There are 2 protein chains.
Amino acid sequence: MDEIELDERKIKILDAVIRNYLETGEPVGSRTISKYTDLNLSSATIRNEMADLEELGYILQPHTSAGRIPSDKGYRFYVDHLMQEKNREVADMKQFVIEHTEKVEQVLQQVAKILAANTNYATMVTAPSYHRNKVKFIQLSNLDEEQILAVIVTEGKLVKNKIIPVSEPIDNETMLKLNILLNSNLNGLALEEINLGTIAKLKEQAGIHSDIISNVLDTVAETMGQDEDIRIYTSGTTNLFKYPELSDSTEKASELLSTFEEKQQLASLVTENLLEEENTGIQVYIGNESPIQTMKDCSVVTATYELGEGIRGTIGIVGPKRMDYEKVMDNLKVLKNSLDGILDKPKGQT
Amino acid sequence: MDEIELDERKIKILDAVIRNYLETGEPVGSRTISKYTDLNLSSATIRNEMADLEELGYILQPHTSAGRIPSDKGYRFYVDHLMQEKNREVADMKQFVIEHTEKVEQVLQQVAKILAANTNYATMVTAPSYHRNKVKFIQLSNLDEEQILAVIVTEGKLVKNKIIPVSEPIDNETMLKLNILLNSNLNGLALEEINLGTIAKLKEQAGIHSDIISNVLDTVAETMGQDEDIRIYTSGTTNLFKYPELSDSTEKASELLSTFEEKQQLASLVTENLLEEENTGIQVYIGNESPIQTMKDCSVVTATYELGEGIRGTIGIVGPKRMDYEKVMDNLKVLKNSLDGILDKPKGQT
DNA sequence: TGTTAGCACTCCACATCATCGAGTGCTAAT
DNA sequence: ATTAGCACTCGATGATGTGGAGTGCTAACA
């Protein structure tokens, strides 16, 4: 429906305005456009067209006698229609990421860092939430007389430990029984499938050691529960200083940075897409489209990745509205592809 | 040697200047002091004394016809001699910290947060480095045909996992042997004690499975190695915006924040004290005394804690030179005491 | 001899003012 | 439909001036 109200020439001019503004960050005037484009139109004509574009809400003037800057609507149009897909050589990153680390958490921190370095914006990456993940293996072992160690491994190859205090030593035979009990009953189950019935049955069979079972189950829930506090890795937040329109008022910048520090807030940006099963694409929030108030002067681009079956997280970039959408989305795509299914592949180098 | 050059009255005046400046952040003039103190001296007298203090290097003038502000030397004197020990009711924190979490890493993040909220400065807390820590327990288990899980527990109750790929399945009997082999040879050893001899012996006894042993040993080294990348938790970094003298130039602030983000840099601040065995006190770096260049306009206060035998980390606070040293040091002391030996105590609630 | 009152001086902070120029909208000519 | 021209707007920039807080110095005082 957008296209109806814009003719070819207006689109060209809008495109020129936005591109120019993305580069310079300054309001762009009619003369600039007249020279910039291959339209061969005088500044006066451009001015008329620009007045129209303003009336239509695609661009706006910060004040009379200044050039025009894109409005949110303008950016939206740009992202949806004007932007070209470039497929640049960011692919190296993939190699880099894979080779440089093994631990998932470190990968994610790396991803955030690389992305920040590459784009000059602030970035965030959420650790996977273990959505619909299944129990693969549970093991209890004696640590000493007072403590036992519980290790839980999921299909997604995520491992969690818990040290559980016990009132009295457990002999090896009992331990073996408990292990068999746990594994035979829980293996292959997703969190949702472990219901009260299963739990009751387990506890009954464990007899006097039912408290240990409770403890283990708590840990299982914690490992796989979706209400687990979401871990978010951020990087390059100080990049936001590079864009005067975000950092002029100091207060604004401070608020923005606080949002990044108080990571729980970012979660709302990010969990939103996680839930929608099918949506695996890339999301763009411009200005007020973002659910976070403090980011109304920014744009946010997010992508959802899926490390393995049911293990998902989000990568996001925050920058000024005039961010280089093409580059950012390219980067996100590449990284998303790198991360997708990373756990399914064998880990060897060759 | 400081005391020699300062008589009673000069000290009182210096004290007044510093305290006043700590409160207001503005250069303080002679008239203010004359009213502030119980010395009952006119501003003119104060002026003379202040001129002396300036000549001695304890205070300085930002420009002619402005009041005086403390120099680094002045702050140093204040911290060393003037400051009173207050013992306030920060003790609640201890309870709070302990009750609200069990996992060490979360405790530390909490500590950083609380400290930041309490002091209004930027804070950082390093995760423990497992200095002289010992192996307590190692266990290998079959995950599936291609992978085994190694779990390593140290005396400090830190647990680490690694998934190790194997070329062919290991039967249970072999696994048992490997477990016994590892535990009987490594238990109770510190990292430094696992030398080439031990390793060679282990590998020999493991026969065809020596590659697994190598892998496990790698993980052990990683768990306990002191060259492990140091984890640092920061909080309240945006607090630094509250102090104009740090954030006026925007560039300065940006640089400072970058330092906080690039956490590796902070390590130098923090590892310094870790090595000195006996030093368990509180360190104060004023301005250029800090090893980090970007912090030359700040003061840094650090404290080293010891969770348990040989497991140490550092808590630090970064703020403007005119920070409330008393409060900060109080807070650090309390927190340090809370953390000290936390792992030695039983974990039960009562 | 130490303290104080007084005074001239300095210099920053702040507000006022004028100027400049980029950019606009409108009108009239092409 | 396009363009040249022109008057107009308005922020950015820099010069100017004023007020006030604070100093150093000198001279008077206890």
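Computed from heavy atoms alone, side chains included, the values below leave out hydrogens, waters and symmetry copies. Everything numeric in this text was worked out from a predicted model, so none of it was measured. Within every chain, numbering begins at 1; the chains are lettered A, B, ... in the order of the sequence lines, protein sequences first and strands thereafter.
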(Q) How many whole angstroms separate atom CG of B:D7 from atom C1' of C:dG2? (A) 13 Å

Q: Run the numbers on A:R19 and A:E326 for salt bridge (Lys or Arg N to Asp or Glu O under 4.0 Å), then give the verdict.
A: CA-CA 11 Å; A:R19 279 184 200 285; A:E326 297 180 356; 3.4 Å; yes

Q: Check the pair A:D7 / A:K10 against salt bridge (Lys or Arg N to Asp or Glu O under 4.0 Å), numbers first and verdict last.
A: CA-CA 5 Å; A:D7 58 32; A:K10 282 196 173 53; 3.8 Å; yes

Q: Determine, stepwise, if the pair B:E262 / A:K113 fulfils salt bridge (Lys or Arg N to Asp or Glu O under 4.0 Å).
A: CA-CA 10 Å; B:E262 199 44 65; A:K113 225 180 209 165; 3.7 Å; yes

Q: Round to the nearest Å and state the distance from B:I46 atom CD1 to C:dT3 atom C1'.
A: 11 Å

Q: Calculate the interatomic distance between B:R9 atom CZ and C:dG2 atom P; express it in whole Å.
A: 9 Å

Q) Using a cut-off of 4.0 Å between protein heavy atoms and nucleotide atoms, how would you tag nucleotides 20-27 of chain D 5' to 3' with B, S and -? A) --SBBB--

Q: On DNA chain C, check which nucleotide each of B:H63 and B:N40 is closest to and give me the residue with the more 5' one.
A: B:N40

**Q.** For A:Q61, all residues meeting side-chain hydrogen bond (donor to acceptor under 3.5 Å, both in side chains), sequence neighbours excluded
**A.** none

Q) Is B:E26 salt-bridged to B:R322, cutoff N-O under 4.0 Å? A) no

Q | Verdict with supporting geometry, B:T314 and B:T302, side-chain hydrogen bond (donor to acceptor under 3.5 Å, both in side chains) | A | CA-CA 7 Å; B:T314 304; B:T302 65; over 6 Å; no

